[in-house]
Chemist: 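Can you read through this structure? Questions will come right after.
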Number of protein chains: 2
Amino acid sequence: MPRKTSAADAPLRLDNQICFAVYSAAHAFNRVYKPLLDRLGLTYPQYLVMLVLWERDDVPVKDIGERLFLDSGTLTPLLKRLEAAHLVKRTRSSEDERQVLIALTAQGHALKEKARAVPQSILAASDCSVSELVAMKDEIVALRDRLNAVIGE
Amino acid sequence: MPRKTSAADAPLRLDNQICFAVYSAAHAFNRVYKPLLDRLGLTYPQYLVMLVLWERDDVPVKDIGERLFLDSGTLTPLLKRLEAAHLVKRTRSSEDERQVLIALTAQGHALKEKARAVPQSILAASDCSVSELVAMKDEIVALRDRLNAVIGE
DNA sequence: TCACATTTAATTGTTCGCAATTGAATGTGC
DNA sequence: GCACATTCAATTGCGAACAATTAAATGTGA
């Protein structure tokens with residue numbers, strides 16, 4: 001009997017991996033975002049940082065990192081690029097010299113208006129109702145938080 | 001009236017972005033996988049390539065790329081690292097000299113047995129029933145495929 | 001057959017992402 | 001007040017990820 005697909009191999013089949021589904025979906029999102037963000041002069045991780053700053057300005061690097069689950073090794077060079085693009089300003093905190101505070105420039109604030117077109121385009125590309133997307137988002141966030149809980153232990 | 005949170009800003013709020021949910025979940029998976037894959041001497045993308053090869057061996061780089069949605073710019077150096085680790089062998093196809101065929105070595109085949117422990121650990125970490133995970137996976141794959149359909153147009 | 005397009009990997013350059021280390025600033029216990 | 005640990009950002013090194021280009025092999029049409 002030729003074993004075409006062994007039942008014992010099912011857990012190792014690529015199409016059965018939820019992590020690959022998530023991984024490949026993240027890349028698919030990235031590719032959809034790319035042309036939209038090119039118009040803003042941002043990469044996707046840079047866009048995420050700008051989303052954080054548009055909500056609240058003048059925050060230390062660490063706060064941004066906690067929000068996005070990224071560390072200074074990723075954020076420091078990224079923020080320097082945003083500074084080179086005149087979107088943010090980096091200044092040492094006077095109260096605590098260890099911290100670097102990230103503030104939006106006028107250009108950084110202004111970019112928010114151009115960015116409003118992005119979520120609409122993404123919604124159209126996902127070809128899905130808002131309520132469905134919200135439900136999926138909540139499930140994925142719940143899974144992510146359970147995974148992160150395992151790591152911190 | 002001080003606008004703490006404007007309704008017009010809702011589409012730009014980080015916590016409303018499904019893409020960020022997916023993006024951060026992918027990173028969370030990566031962090032859970034890391035200690036498990038360290039024992040196999042693999043990174044997560046390398047593990048994905050091995051999953052493909054464990055299903056079918058002796059395939060051109062392009063086939064692996066189509067399966068994983070990756071191009072040669074990513075795969076060529078990755079496969080060279082797997083070759084340096086004696087897990088795969090890269091040989092030009094004799095029928096079509098443009099293709100490079102990737103075959104598992106004996107070590108590469110053997111690693112499959114050690115890898116069987118990985119999906120179990122992931123299942124435990126996700127703290128979720130198999131049926132729930134399968135349902136989520138199918139939803140995410142469907143979303144990914146709709147996004148990819150938009151790109152190829 | 002010969003010019004031309006297509007296919008396939010490899011290469012180059014830029015940007016993440018993270019582990020590990022460094023160094024400066026701050027906090028704590030004695 | 002002083003040794004000590006902690007916190008925070010920056011740095012270094014490695015491995016993806018991808019756009020753009022290159023180069024070789026193959027296929028196609030006149």
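A, B, ... follow the sequence lines: proteins, then strands. Residue 1 opens every chain.
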Chemist: Name the first nucleotide and the last nucleotide along DNA chain C (5' to 3') that come under 4.0 Å of a heavy atom in chain A.
Modeler: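 Contact span on the strand: C:dT15 to C:dT26.
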
Chemist: Using a strict 4.0 Å threshold on nitrogen-to-oxygen distance, state whether B:D63 and B:R67 make a salt bridge.
Modeler: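 Here B:D63 does not pair with B:R67 in a salt bridge, since their nearest N and O are not under 4.0 Å apart.
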
Chemist: For A:E139, what residues pass the side chain to side chain contact (heavy atoms under 4.5 Å, CB included) criterion, not counting sequence neighbours?
Modeler: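 B:M136, B:E139.
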
Chemist: With sequence neighbours left out, write down each residue that passes ring-ring contact (aromatic ring centres under 6.0 Å, His included) with A:Y44, or none if nothing qualifies.
Modeler: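 Partners of A:Y44 under the ring-ring contact (aromatic ring centres under 6.0 Å, His included) test: A:Y33, B:Y23.
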
Chemist: Is the shortest distance from a Lys or Arg side-chain nitrogen in A:D15 or B:K137 to a carboxylate oxygen in the other one below 4.0 Å?
Modeler: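 Looking at A:D15 and B:K137, the cut-off is not met.
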
Chemist: I'd like to compare against my own output: the B/S/- annotation of nucleotides 15-27 of chain D with a strict under-4.0 Å heavy-atom distance to protein.
Modeler: SSBB------BS-

Chemist: Can you pull the side-chain hydrogen bond (donor to acceptor under 3.5 Å, both in side chains) pairs that have at least one residue in residues 79-89 of chain A, sequence neighbours excluded?
Modeler: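 Applying side-chain hydrogen bond (donor to acceptor under 3.5 Å, both in side chains) to every pair that reaches into residues 79-89 of chain A, excluding sequence neighbours, yields A:E83-A:R90.
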
Chemist: Keeping the roles fixed (side chain from A:R146, backbone from B:S126), state whether a donor-acceptor pair exists under 3.5 Å.
Modeler: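 Side chain of A:R146 to backbone of B:S126: a pair is present.
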
Chemist: Mind checking what makes side chain to side chain donor-acceptor pair (under 3.5 Å) contact with B:D145, not counting sequence neighbours?
Modeler: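 Not a single residue meets the side chain to side chain donor-acceptor pair (under 3.5 Å) criterion with B:D145.
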
